[in-house]
Chemist: 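My questions all concern the structure below.
Quantities reported herein were computed from a predicted structural model and do not represent experimental measurements. Every number for a ligand or one of its atoms is a count from 1 in the order of the listing.
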Amino acid sequence: MEPDRYTQIDLHCHSTASDGELSPTALVEYARGQGVEVLALTDHDVTDGVAEAAAAAEQHGLAFISGVEISVSWEKQLIHIVGLDFDVDDPTLQQGLAGLRAQRQGRAEEMGRRLDRKLGCEGSLAAAQTYADGQILSRTHFARYLLDSGRVKTLQEAFDRYLGAGKPCYVKTEWTDLAQAVNWITAAGGEAVIAHPSRYKLSATKLRRLIEDFKAAGGRGLEVISGNQDSNTTRNLAEYAQRHGLHASLGSDYHGPSQGWRQMGRLAPLPRGCEPIWRLWQEGGVRP
Ligand code: AMP
Ligand code: MN
Ligand code: MN
Ligand code: MN
């Protein structure tokens with residue numbers, strides 16, 4: 001496979017294995033319908049959807065890359081690190097992800113208690129749980145419950161009023177550290193990528209520091225294009241990637257049809273001068 005020949009490559013999206021709305025098979029079918037030719041499934045802290053997505057991709061003629069999006073704490077802030085093209089059966093990686101899922105469970109229980117208190121009701125945890133199909137509970141599942149029960153008008157409002165960082169039902173969590181997450185991915189034969197760097201609202205100095213720490217741990221990729229990002233941000237991130245010698249990745253961060261404004265198959269090409277992340281797979285003689 002020669003990815004440079006492809007026009008729609010999407011290396012970041014979610015299925016019902018985490019907080020996406022479509023099953024891995026339905027997601028692949030949707031992606032194909034949107035013209036996506038190369039796809040990585042990157043669920044939060046879990047790889048349960050990868051085998052099903054890979055099988056569906058094979059059936060529908062898409063090139064498929066294994067993936068995951070790992071919750072990391074860096075300088076007390078939540079950062080997402082995407083892992084791509086690794087051995088899904090790697091025991092150290094899987095042990096690490098299992099630890100994060102256990103933390104998610106404890107966090108969800110506390111989030112449920114806080115929501116019950118805040119809303120003066122009971123059963124928020126159980127209600128959120130009905131929105132989850134897989135092994136993890138995400139803030140997204142709580143947000144969908146708040147939306148459907150009429151407590152908020154949009155998912156965004158659920159985060160702004162209750163679930164976002166610093167809001168009353170936000171539970172501070174010490175996830176794994178950056179170097180550890182990068183190590184899990186690279187030791188499993190994959191490449192680590194800093195997901196949607198513009199979403200953390202870091203100062204330029206802090207973003208440089210994040211990149212330096214990430215590179216020191218063996219990270220090699222920066223997500224230069226994330227779904228619905230404006231072109232100035234893309235240009236800016238492309239510059240960071242080039243200046244720091246990072247390879248560029250791109251992905252929609254698609255979660256499902258109710259995110260009406262976000263689709264698959266609509267990503268701009270990587271800016272000229274970016275070294276695409278898939279060159280690393282080619283160098284290794286693996287994929288694509
Ligand atoms: P968690 O991994 O459980 O902390 O939940 C984070 C997830 O919540 C992200 O991956 C997004 O899918 C979702 N999310 C975060 N902020 C927002 C927001 N403002 N609006 C909608 N979804 C959001
Ligand atoms: Mn998500
Ligand atoms: Mn993310
Ligand atoms: Mn994501």
Chemist: Under 4.0 Å between a side-chain nitrogen and a carboxylate oxygen: does that hold for Glu212 and Arg208?
Modeler: no
Chemist: Do any N/O/S atoms of His196 come under 2.8 Å of the Mn ion (ligand 3)?
Modeler: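 Here the distance criterion (N, O or S atom, under 2.8 Å) is met by His196, so yes.
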Chemist: Rounded at 0.5 Å granularity, tell me how far CD1 in Ile79 sits from OG in Ser73.
Modeler: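 Spacing of CD1 (Ile79) from OG (Ser73) equals 9.0 Å.
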Chemist: With the Mn ion (ligand 3) as the point of reference, which N/O/S atom of His80 is the closest?
Modeler: ND1
Chemist: Pairing donors with acceptors under 3.5 angstrom, does anything connect the side chains of Ser15 and Asp43?
Modeler: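 Asp43 and Ser15 do have a side-chain donor-acceptor pair below 3.5 Å.
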Chemist: Can you say whether the rings of His44 and His14 are parallel (under 30°), tilted (30 to 60°) or perpendicular (over 60°)?
Modeler: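 Aromatic pair His44/His14 classed parallel.
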Chemist: Measuring to the Mn ion (ligand 3), does Glu69 have an N/O/S atom at a distance below 2.8 Å?
Modeler: yes
Chemist: So which protein heavy atom does atom 6 (C) of ligand 1 come closest to, and at what separation?
Modeler: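 So the nearest neighbour among protein heavy atoms is Arg139 NH2, 3.7 Å.
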Chemist: Does ligand 1 have any atom sitting under 4.0 Å from a heavy atom of Glu69?
Modeler: no
Chemist: Specify the protein heavy atom at minimum distance from atom 22 (N) of ligand 1: its residue, its atom name, and the distance to 0.1 Å.
Modeler: Phe159 CE1, 3.3 Å
Chemist: Side-chain contact, heavy-atom cut-off 4.5 Å: Phe214 with Leu222?
Modeler: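 Phe214 vs Leu222: side chains apart.
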Chemist: Using non-hydrogen atoms of the residue, decide whether His14 is closer than 4.0 angstrom to ligand 1.
Modeler: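 False for this residue.
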Chemist: Under 6.0 Å from the six-membered ring centre of Tyr240 and within 45° of its axis: does the NZ or CZ of Arg243 meet both?
Modeler: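 Yes, Arg243 sits over the ring of Tyr240.
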Chemist: So, 2.8 Å as the limit: is an N/O/S atom of His14 located closer than that to the Mn ion (ligand 2)?
Modeler: no
Chemist: Mind checking whether Leu246 and Leu202 sit in one hydrophobic cluster, side chains of I, L, V, M, F, W, Y counted as touching below 4.5 Å?
Modeler: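 As far as the 4.5 Å side-chain criterion goes, Leu202 and Leu246 are connected within one cluster.
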Chemist: Looking only at N, O or S atoms in His255, which is nearest to the Mn ion (ligand 2)?
Modeler: NE2
Chemist: With atoms numbered from 1 as shown, which atoms in ligand 1 lie under 4.0 angstrom from a non-hydrogen atom of Asp19?
Modeler: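 Counting atoms of ligand 1 from 1, those under 4.0 Å from Asp19 are 7 (C), 10 (O), 12 (O).
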Chemist: Assess whether a salt bridge exists between Asp213 and Lys206, defined as any Lys/Arg side-chain N lying under 4.0 Å from an Asp/Glu carboxylate O.
Modeler: no
Chemist: In plain terms, say whether Asp160 and Lys167 are close enough for a salt bridge, that is, a side-chain N and a carboxylate O under 4.0 Å apart.
Modeler: no
Chemist: Quick test: of every protein heavy atom, which one is nearest to atom 8 (O) of ligand 1, and how far off is it to 0.1 Å?
Modeler: Thr140 OG1, 3.2 Å
Chemist: For residues Val46 and Leu100, determine if any side-chain heavy atom of one lies less than 4.5 Å from a side-chain heavy atom of the other.
Modeler: no
Chemist: Could you list which atoms of ligand 1 come closer than 4.0 Å to a heavy atom of Gln156?
Modeler: 18 (C), 19 (N), 20 (N)
Chemist: List the closest protein heavy-atom neighbour of atom 2 (O) of ligand 1: residue, atom name, distance to the nearest 0.1 Å.
Modeler: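 Looking only at protein heavy atoms, the one closest to atom 2 (O) of ligand 1 is Arg104 NH2, 2.8 Å.
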Chemist: Which of the atoms in ligand 1, numbered in the order shown and given with their element, are less than 4.0 Å from a heavy-atom of His255?
Modeler: 10 (O), 12 (O)
Chemist: In plain terms, say whether Glu157 and Arg151 are close enough for a salt bridge, that is, a side-chain N and a carboxylate O under 4.0 Å apart.
Modeler: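 Judged by the 4.0 Å cut-off on N to carboxylate O distance, Glu157 and Arg151 do not form a salt bridge.
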Chemist: Answer yes or no: does an N/O atom from Arg107 fall short of 3.5 Å to an N/O atom of ligand 1?
Modeler: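 For ligand 1, there is an N or O atom that lies under 3.5 Å from one belonging to Arg107.
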Chemist: Can you list the atoms of ligand 1 that are under 4.0 Å from a heavy atom of His44?
Modeler: 10 (O)
Chemist: In ligand 1, which numbered atoms sit nearer than 4.0 Å to a non-hydrogen atom of Ser138?
Modeler: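 Numbered from 1, ligand 1 contributes 1 (P), 3 (O), 5 (O).
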Chemist: Regarding Arg32 and Glu29, does a basic nitrogen lie under 4.0 Å from an acidic carboxylate oxygen?
Modeler: no
Chemist: Does Asp19 bring an N, O or S atom to under 2.8 Å of the Mn ion (ligand 2)?
Modeler: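 Yes, within the cut-off.
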Chemist: Can you tell me if an N/O/S atom from His12 lies under 2.8 Å from the Mn ion (ligand 3)?
Modeler: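 No - counting backbone and side chain alike, His12 has no N, O or S atom under 2.8 Å.
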